[in-house]
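Have a look at the structure below before the remarks.
Below, chains carry the letters A, B, ... as their sequence lines are ordered, and counting in each starts from 1.
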Amino acid sequence: MSVPNKYLIVLLGPTGVGKTELSLKLAKHFNSPIVSCDSRQFYREMRIGTAFPTDWELSQAQHYLVGHKSITERYSCGMFEIEALDLLREIYQKNDFALLVGGSGLYIDALLNGIDDFPTPDPELRKSLHQQLKNEGIEGLRHQLKLLDPDYYNQVDLKNPQRVLKAVEVCLQTGRTYSSFLTGPKKERPFKPIKVGLTRHREELYERINLRVERMIEQGLVEEVKGLYPFRNYNALNTVGYKEIFQYLDGEISLEQAIELIKRNTRRYAKRQLTWWSRDKEIAWFNPDNQSEIIQYIERLCKTNS
RNA sequence: GGUGCCAUAGCUCAGUUGGUAGAGCAAAGGACUGAAAAUCCUUGUGUCCGUGGUUCGAUUCCACGUGGCACCA
């Protein structure tokens with residue numbers, strides 16, 4: 001059971017819907033700090049392309065877990081779970097409310113529900129598995145997984161190299177099956193989550209995304225990406241808005257094409273986010289413009305809970 | 001004004017020797033356990049410009065109309 005008088009307001013929604021703007025207002029109203037849950041705004045070197053909060057926005061509320069990592073550091077949802085939990089425990093010493101804001105569904109779920117413990121990947125092993133994938137294709141890894149963990153072999157998406165590789169990696173590294181780590185944890189949390197989903201009509205959302213991409217270009221996205229070119233192989237930069245500009249800088253596509261691709265890939269990303277949350281029935285959905293309705297909803301939930 | 005060409009999915013176009021049609025892109029739907037803004041799977045959405053005519057049957061052939069493009073005046 002969660003502690004009844006501590007609340008985590010979870011503000012989630014697709015990219016470009018207007019989370020940041022609303023989060024500042026909610027932070028003021030509930031006198032709560034903001035904990036970011038955006039898998040790309042963790043990195044301080046990525047600003048324009050991730051719609052990183054402006055200095056002014058950062059000054060409007062206490063912000064945590066934004067820009068606290070470098071793109072050269074390895075980060076994961078498991079690390080986020082631990083970090084965010086520690087942070088929240090501290091916040092709840094003084095506050096009844098905390099605000100979790102972000103669009104990274106897996107990370108949000110890791111914090112709210114917990115996630116199984118996996119060993120930290122061994123970089124050497126991963127490198128050799130990648131090499132193997134490159135040489136033999138996914139077939140070799142599939143075959144290996146079938147021998148190492150037949151249970152998981154039967155349920156994994158065998159066409160998805162990332163999944164198959166990860167499972168083989170865990171098996172080889174630990175000497176255990178990948179599936180033996182999957183316990184589906186229901187971990188105790190020192191707060192009660194209130195899930196507020198933000199959404200708009202698809203057309204409106206896409207229009208906002210297109211406009212935001214144009215604005216990023218005006219703000220100097222190309223320059224930012226140029227500066228990060230030496231780091232392009234880091235996972236953090238395998239990101240919409242960055243990979244397309246890398247292609248442009250390599251002369252593979254025109255700037256126009258890159259911009260169109262960024263728009264398209266951002267739209268697709270937004271759709272994937274919505275798909276992820278569609279199965280979570282605890283989320284109450286709102287248009288971000290209905291601020292007072294959202295506040296009322298949160299306050300009503302707090303009352304019934306106390 | 002005259003002549004020619006074109007009109008098919010949201011866009012660019014293919015095609016049907018007459019039996020109501022299919023590619024690419026865009027899009028839609030889905031999966032997801034330490035790479036998640038990642039990675040992967042599935043799906044063709046249509047007054048075939050309009051009105052007549054020929055025909056058992058017209059998106060296809062014919063006529064006219066409408067719109068677009070090109071050339072000539």
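- By the neighbour-count criterion of 12 heavy atoms within 6.0 Å, atom CG of A/D250 is densely surrounded, having more than that number from other residues, nucleotides or ligands.
- Taking atom P on both nucleotides, B/rU55 is separated from B/rG46 by 33 Å, rounded to a whole Å.
- Neither OP1 nor OP2 of B/rA35 sits under 4.0 Å from any side-chain N or O of A/Y75.
- Residue A/Y178 places at least one side-chain N or O closer than 4.0 Å to OP1 or OP2 of B/rG34.
- Here, B/rC61 and B/rC71 have their P atoms 26 Å apart, quoted to the whole Å.
- Within 4.0 Å of A/G241, counting heavy atoms only, lies no atom of the nucleic acid at all.
- At least one side-chain nitrogen or oxygen of A/R202 sits closer than 4.0 Å to the OP1 or OP2 atom of B/rG29.
- Picking from B/rG34, B/rU39, B/rU33 the nucleotide with the shortest atom distance to the side chain of A/Q162 gives B/rU39.
- Distances shown here put every side-chain N or O of A/N265 at or beyond 4.0 Å from the OP1 or OP2 atom of B/rA38.
- Dashed line: the shortest gap from a side-chain N or O of A/K166 to OP1 or OP2 of B/rU33 is not under 4.0 Å.
- For the P atoms, the distance linking B/rU8 with B/rU12 amounts to 8 Å, nearest Å.
- Using a 4.0 Å heavy-atom criterion, one finds that A/Y107 contacts the sugar-phosphate atoms exclusively.
- Across B/rC62 and B/rU54, the matching P atoms stand 16 Å from one another, rounded to whole Å.
- When the side-chain nitrogen and oxygen atoms of A/R163 are compared with OP1 and OP2 of B/rU33, one or more of them lie within a distance under 4.0 Å.
- Residue A/S104 has no polar side-chain atom (N or O) positioned under 4.0 Å from OP1 or OP2 of B/rA36.
- Relative to the side chain of A/T275, the nucleotides B/rU33, B/rA35, B/rG30 differ in distance, and B/rG30 lies closest.
- Considering only side-chain N and O atoms, A/R279 lies under 4.0 angstrom from the phosphate OP1 or OP2 of B/rC32.
- Looking at A/T183 and A/D116, their side chains do bring a donor and an acceptor atom within 3.5 Å of each other.
- Across all strands shown, A/T50 has heavy atoms under 4.0 Å from base atoms, whether or not it also approaches the sugar-phosphate.
- The minimum heavy-atom distance linking A/N113 with A/R189 is given by the pair C-NH2, 4.1 Å.
- One finds a side-chain N or O of A/Y206 lying less than 4.0 angstrom from the OP1 or OP2 phosphate oxygen of B/rA28.
- Annotation for A/E21: atom CD does not count as buried by contact number, only 12 or fewer foreign heavy atoms lying within 6.0 Å.
- A close approach under 4.0 Å does occur between a side-chain nitrogen or oxygen of A/R40 and OP1 or OP2 of B/rA36.
- B/rG10: Watson-Crick or G-U partner is B/rC25, with both key distances under 3.5 Å.
- Summarising the local packing, CD of A/E204 is surrounded by more than 12 heavy atoms from other residues, nucleotides or ligands at distances under 6.0 Å.
- Across all strands, A/D38 comes closer than 4.0 Å to base atoms (heavy-atom distances).
- Of all non-hydrogen atoms in A/R142 and A/Y153, the two that sit nearest each other are O-CE1, 3.4 Å.
- In this structure, A/R272 reaches the B/rA38 phosphate: one of its side-chain N or O atoms is under 4.0 Å from OP1 or OP2.
- Residue-level contact check: A/G105 touches neither bases nor backbone, having no heavy atom under 4.0 Å from any strand.
- The side chain of A/N235 places an N or O atom within less than 4.0 Å of a non-bridging phosphate oxygen (OP1 or OP2) of B/rA36.
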